[in-house]
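Atoms considered below: every heavy atom in the structure, side chains included; atoms not considered: hydrogens, waters and symmetry mates.
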Amino acid sequence: MKYLALALLVTTLPALAADAEAGKAKAVVCAACHGGEGKAMIPGYPHLAGQSAQYTAKQLRAFRDGQRQDPVMAPMAKPLSDADIENLAAWYASLKP
């Protein structure tokens, strides 16, 4: 039980440390394709509002690290730090879908 509690704490620390307001500021660039409130206005572009922070962070890391290829997203994600990714993920998770 003690180890389960420790594992849960460690896996939730990044989410607790994320700053949604910093993510909102960073998301200004993302708004061109994904909308100012995470709701894309361009057909074929995904809505990000309400996505789980874990999912969004995983996808951004995959684009940044080259595990997921896309000619638009890969260069956008390349300069993001881990903190940027966590903050962006927190911002989009805080929005209503």
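- With hydrogens and angles disregarded, no donor-acceptor distance shorter than 3.5 Å links the side chain of Asp65 to the backbone of Gln67.
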Side-chain donor-acceptor contacts of residues 40-51 below 3.5 Å, not counting sequence neighbours, with atom names and distances?
from	atom 1	to	atom 2	distance (Å)
His47	ND1	Ala40	N	2.8

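- Ile85 contributes atom CD1, which lies 13.5 Å from atom NZ of Lys58 (distance to the nearest 0.5 angstrom).
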Mind running side chain to side chain contact (heavy atoms under 4.5 Å, CB included) on Thr56 and Leu88 for me, showing each step along the way?
CA-CA 8 Å; Thr56 302; Leu88 283 164; 5.7 Å; no
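- Put simply, the residue from Lys78, Lys26, Arg61 that forms a salt bridge (charged side-chain N to carboxylate O under 4.0 Å, His left out) with Asp84 is Lys26.
- Glu86 CD to Leu60 CG: the interatomic distance, rounded to the nearest 0.5 Å, is 9.5 Å.
- Asn87 contributes no side-chain N or O that, together with a main-chain N or O of Ala20, makes up a donor-acceptor pair within less than 3.5 Å.
- Here the closest non-hydrogen pair linking Arg64 and Ala77 is CG-O, 3.3 Å.
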Residues 69-76 side chain polar contacts: donor-acceptor under 3.5 Å, at least two apart:
from	atom 1	to	atom 2	distance (Å)
Gln69	NE2	Gly66	O	2.7
Asp70	OD2	Val72	N	2.9
Asp70	OD2	Met73	N	2.8

Which atom pairs, donor and acceptor, lie under 3.5 Å between side-chain atoms of residues 90-97 and protein residues at least two apart or in another chain?
from	atom 1	to	atom 2	distance (Å)
Ser94	OG	Trp91	O	2.7

